[in-house]
Amino acid sequence: MTHNNDLPTAVRDFLAVHIVRDADTASKFLTEDVVAVDQGETFRGRDQVHAFLRDAGSEFEYTTEQIGARLIDDTHCVVTVRLEGTFPGGVAELDYRFTLREELIAEIVIANHGA
């Protein structure tokens with residue numbers, strides 16, 4: 001398993017602020033033309049992705065814990081997070097698949113862990 005120190009800086013910094021739901025700061029680690037895909041829904045560009053990060057799950061109370069990380073190559077990594085809260089089912093494990101370009105996040109694909 002990869003330790004956080006092995007992850008690209010943009011991914012480490014993004015996760016640190018994303019976990020505390022600071023979408024404004026998280027957006028600083030994204031390219032202008034970033035694409036985010038969450039459960040099949042696609043958001044394009046920094047403004048759309050910022051709104052997604054700000055609003056996703058806002059109707060629920062939950063905690064987020066990073067439980068795994070895997071570096072695939074210099075521009076790709078997967079981080080697994082565990083959510084626990086008031087949403088249906090109460091617990092979810094999600095994989096965040098990151099693609100980087102010029103040391104910023106160009107793509108985030110979020111899917112159920114192991115899917």
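With a 4.5 Å cut-off on side-chain heavy atoms, Thr64 and Leu15 do not count as touching. Residues Asn112 and Gln39 have side chains in contact (heavy-atom distance under 4.5 Å, counting atoms from C-beta outward). No side-chain heavy atom of Thr75 sits under 4.5 Å from any side-chain heavy atom of Pro8.
Note that CZ of Phe60 is 6.5 Å distant from OG1 of Thr86, once rounded to the nearest 0.5 Å. Note that OG1 of Thr80 and CG of Asp95 are 4.0 Å apart. Values are rounded to the nearest 0.5 Å.
Partners of Ile72 by side-chain contact (heavy atoms from CB on, under 4.5 Å), not counting sequence neighbours, listed by chain and number: Arg70, His76, Val78. Among residues two or more places apart in sequence or in another chain, the ring pair (Phe, Tyr, Trp, His ring centres under 6.0 Å) test is passed with Phe14 by His18, Phe98.
For the salt bridge (charged side-chain N to carboxylate O under 4.0 Å, His left out) condition, the pairs that include at least one residue of residues 17-39, sequence neighbours left out, are Glu32-Arg46, Asp33-Arg101. Contacts classified as ring-ring contact (aromatic ring centres under 6.0 Å, His included) and involving residues 30-50 (residues at least two apart or in different chains) are given here: Phe43-Phe52. Identified under the salt bridge (charged side-chain N to carboxylate O under 4.0 Å, His left out) test for residues 74-92, with sequence neighbours left out: Arg82-Glu84, Arg82-Glu93.
For Glu102, the CD atom counts as loosely surrounded, since its 6.0 Å shell holds 12 or fewer non-hydrogen atoms of other residues, nucleotides or ligands. Sparse packing is recorded around CZ of Arg44, with 12 or fewer heavy atoms of other residues, nucleotides or ligands lying under 6.0 Å away.
Taking Ile, Leu, Val, Met, Phe, Trp and Tyr as hydrophobic and joining them when side-chain heavy atoms fall under 4.5 Å apart, one finds Val35 in a cluster with Val37, Val109. Residues near Ile19 contribute nothing to a hydrophobic cluster around it, because no ILVMFWY side-chain heavy atom sits closer than 4.5 Å to its side chain.
When every heavy atom of Ala106 is checked against every heavy atom of Thr31, the shortest pair comes out as CA-OG1, 3.5 Å.
Leu104 and Val79 fall into different hydrophobic clusters, where Ile, Leu, Val, Met, Phe, Trp and Tyr side chains are chained together by heavy-atom contacts under 4.5 Å. Hydrophobic clustering of Ile, Leu, Val, Met, Phe, Trp and Tyr side chains at less than 4.5 Å, counting indirect connections, unites Leu83 with Val17.
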